[in-house]
2 protein chains.
Amino acid sequence: MAERLSLQELADELNVSTSTISRVMNDKPGVGEKTRNRVLKAIKKYNYVSNSSARSLKTSKTGNIALLSRKRKERLISADYFQRSIIYIERELRKRSYHTIAMSLDDEEMENSSDLLMLKEKRVDGFIIRGPAIKPKFILDLKNSGLPVVLFGNELKQTEIDCVVCQDRKGTYNITKHLIEHGHKKILFLSGPEGWYTTDERKAGYSDALKEAGLTSRIINMTDTTIDTGKTFFKEAIKNTHPEITAVVAVNDSTAIGVLDEARCLGIKVPEDIAVVGFDDITWASLSYPPLTTVHAFLEEMGKITISRLLDLLEDPNLHPAKHIITTSLVIRKSCGC
Amino acid sequence: MAERLSLQELADELNVSTSTISRVMNDKPGVGEKTRNRVLKAIKKYNYVSNSSARSLKTSKTGNIALLSRKRKERLISADYFQRSIIYIERELRKRSYHTIAMSLDDEEMENSSDLLMLKEKRVDGFIIRGPAIKPKFILDLKNSGLPVVLFGNELKQTEIDCVVCQDRKGTYNITKHLIEHGHKKILFLSGPEGWYTTDERKAGYSDALKEAGLTSRIINMTDTTIDTGKTFFKEAIKNTHPEITAVVAVNDSTAIGVLDEARCLGIKVPEDIAVVGFDDITWASLSYPPLTTVHAFLEEMGKITISRLLDLLEDPNLHPAKHIITTSLVIRKSCGC
DNA sequence: CTGTTAGCGCGTTCAT
DNA sequence: ATGAACGCGCTAACAG
């Protein structure tokens with residue numbers, strides 16, 4: 001590939017000033033029709049693209065957005081959730097001429113948010129933070145950097161901050177109600193750690209449904225929401241603390257799939273002996289055995305809103321924080337037994 | 001957060017010149033012990049970090065690496081493969097002070113590689129291209145940009161270019177041989193589109209094993225290597241073209257899992273009626289029903305080498321291209337029936 | 001409508 | 001050992 005052309009070189013080539021070309025490049029007024037066309041043609045001919053560092057230096061805009069996730073230690077369970085959201089967000093950002101810098105941070109790295117170079121280096125214009133398992137302090141540190149932040153699938157409880165979530169509470173309420181309507185009375189909720197937004201909301205939705213039906217709540221707070229915690233805590237429940245249950249509402253599909261797997265190990269038939277339902281509708285929900293009844297979250301639409309919001313914030317950082325809640329829908333498959 | 005400090009401001013604060021601080025920042029000689037310490041302390045105190053755009057402009061290094069993948073249209077099946085590699089690569093790069101710009105390109109976007117702004121904008125220092133389903137022209141275009149390129153899980157057939165792969169051929173040879181040793185004689189290979197590196201290699205491995213045993217090859221080239229193509233092509237084979245088979249070697253786990261799913265739909269028992277094996281050892285291989293016998297690829301180690309190589313290339317772009325082949329290992333579970 | 005000029009914040013000569 | 005001056009490539013303010 002030929003050497004990159006600088007603005008100056010192109011200007012010399014055309015016998016115009018750099019400002020003229022700059023004006024044309026940025027679609028600004030103040031250039032005659034004839035000159036503009038001449039410049040446009042040359043830009044195409046020489047395949048001229050402005051140097052992003054120089055532009056950033058001048059404009060203080062990088063054209064990069066950081067997409068931050070938490071790295072889990074356990075078996076990767078939400079992989080397709082991760083992939084679908086990251087791919088969608090990246091592509092949507094790219095359509096609008098932004099690049100995506102992806103990072104997976106473990107808990108330790110989030111402790112030292114001051115280490116996050118990007119923040120001080122001015123390498124990005126804004127942050128998308130994905131998932132519930134992020135420490136509030138980390139989020140606030142980022143927010144205090146002055147750059148726009150939008151949360152995806154999470155909300156801060158004390159501080160108002162832009163966020164995009166699905167109907168966690170209502171979705172779980174609906175699916176729990178579905179089980180109740182099919183005659184279940186002893187329903188266990190496998191929840192995640194207290195304090196995670198989605199977990200708390202979904203737990204509340206479960207409780208809403210049970211309370212409405214006058215049934216007794218049975219809740220277990222797991223240490224995480226993975227296949228493995230699903231297996232472990234379900235086994236413990238069925239063998240010791242809650243042998244009487246006829247249905248399990250899992251806080252997410254990964255947990256539910258862990259339950260399915262463990263049930264198989266224990267010789268418990270799903271849905272004949274126990275009904276199992278999840279939340280998220282990850283790809284594997286349709287491939288598990290039996291296929292999982294769950295709540296579908298519209299990740300793509302959540303992503304779309306996240307990005308629109310972030311870009312709005314980029315234009316006007318003083319917008320008042322908003323919370324965006326996207327609908328969910330119930331997906332009936334086999335694991336609920338109806 | 002306080003306003004960012006510029007080099008000049010920090011210099012004024014300390015009554016030294018910007019050059020002195022720059023020297024300290026970049027660990028260069030020519031600064032007295034006492035001054036150096038004083039500067040070091042101030043850097044810490046004011047939390048000074050140099051502006052990345054300005055630095056890039058001056059040094060022509062961005063500190064960004066592009067990680068490119070192909071976006072598939074079908075159900076996402078290799079999600080955890082994707083996630084594991086991207087997370088690992090990103091974290092490993094970050095350890096070495098690089099940021100990762102991730103992009104998922106569809107076929108159309110790869111056609112117009114000239115559109116890839118990054119390339120001309122000088123937004124990245126190098127490229128990692130992940131997966132086999134990438135058009136050679138796209139790779140060559142990138143390579144011709146003059147920036148270092150390393151392929152991950154792919155190889156160019158005509159042009160020498162740095163690449164990191166696993167033992168695709170030998171791995172498939174081994175697992176096929178395993179089936180043969182357990183008495184299978186009519187073994188079908190579900191392959192991907194011709195021309196994809198991994199697919200072709202694995203097919204060759206299958207053929208090696210069959211030839212060695214004096215058995216007849218049965219190969220189907222699918223249009224892609226997903227759960228859905230696995231389902232479709234397996235069904236077609238079992239019902240029409242190859243009803244006699246007793247075992248299926250799938251080109252990857254996604255395909256194998258599609259076969260498992262379709263077998264269940266058709267009332268065919270695995271492994272009793274038909275043995276099924278895959279390749280990759282994605283997380284779901286251990287969770288499918290029955291758990292999948294497969295070939296484990298060491299993604300993390302592949303990622304590590306990819307990065308080391310890319311960084312070496314960054315230092316010396318004239319290194320001779322090298323191909324790195326990482327070992328695989330056979331993982332025996334239930335689906336092969338032994 | 002167009003060109004000249006002055007930085008953006010940094011690294012790197014070249015003097016001292 | 002230190003500092004002054006220059007320029008990386010671009011945009012924007014000011015002249016003309």
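So you know, we letter chains A, B, ... as the sequences are listed, proteins then strands, and number each from 1. Below, each value reflects all heavy atoms present in this structure, side chains not excepted, and no hydrogens, waters or symmetry copies.
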Listed in order of residue number, which residues of residues 42-57 of chain A have a non-hydrogen atom at under 4.0 Å from DNA chain C?
A/Leu57
Let me see the working for B/Met110 and B/Ile134 under side chain to side chain contact (heavy atoms under 4.5 Å, CB included), right down to the final yes or no.
CA-CA 8 Å; B/Met110 288 199 248; B/Ile134 312 271; 3.8 Å; yes
Classify B/Ser6 by what it touches in the nucleic acid, base, sugar-phosphate, or nothing, heavy-atom distance under 4.0 Å.
sugar-phosphate
Counting heavy atoms from C-beta on, name the nucleotide in D/dG3, C/dG11, C/dG3 closest to the side chain of B/Lys58.
C/dG11
Can you list, in residue-number order, the parts of residues 26-38 of chain B that come under 4.0 Å of DNA chain C, counting heavy atoms only?
B/Asn26, B/Lys28
Return the value, rounded to whole Å, for the distance between atom CG of A/Leu7 and atom P of D/dC8.
12 Å
Tell me, with the steps shown, if B/Phe138 and B/Glu111 meet side chain to side chain contact (heavy atoms under 4.5 Å, CB included).
CA-CA 7 Å; B/Phe138 176 79; B/Glu111 293 293 337; over 6 Å; no
May I ask you to decide if B/Ser69's main-chain N or O and B/Ser104's side chain share a donor-acceptor pair within less than 3.5 Å?
no
Side chain A/Thr306, main chain A/Met302, donor-acceptor under 3.5 Å:
yes
Considering only NZ, NE, NH1 and NH2 on the basic side and carboxylate oxygens on the acidic side, decide whether A/Asp162 and A/Arg309 come within less than 4.0 Å.
yes
Nearest-angstrom distance from the residue atom CE of A/Met25 to P of D/dT11
7 Å
Counting only side-chain nitrogens and oxygens, does B/Thr20 get under 4.0 Å of the OP1 or OP2 atom of D/dA1?
no
For atom CG of A/Asp12 and atom P of D/dC10, their distance in whole Å
12 Å
Atom CZ of A/Arg23 and atom P of C/dG3 are separated, to the nearest Å, by 9 Å
Go through the side-chain N and O atoms of B/Ser52 and A/Arg123 and say whether any donor and acceptor fall under 3.5 Å apart.
no
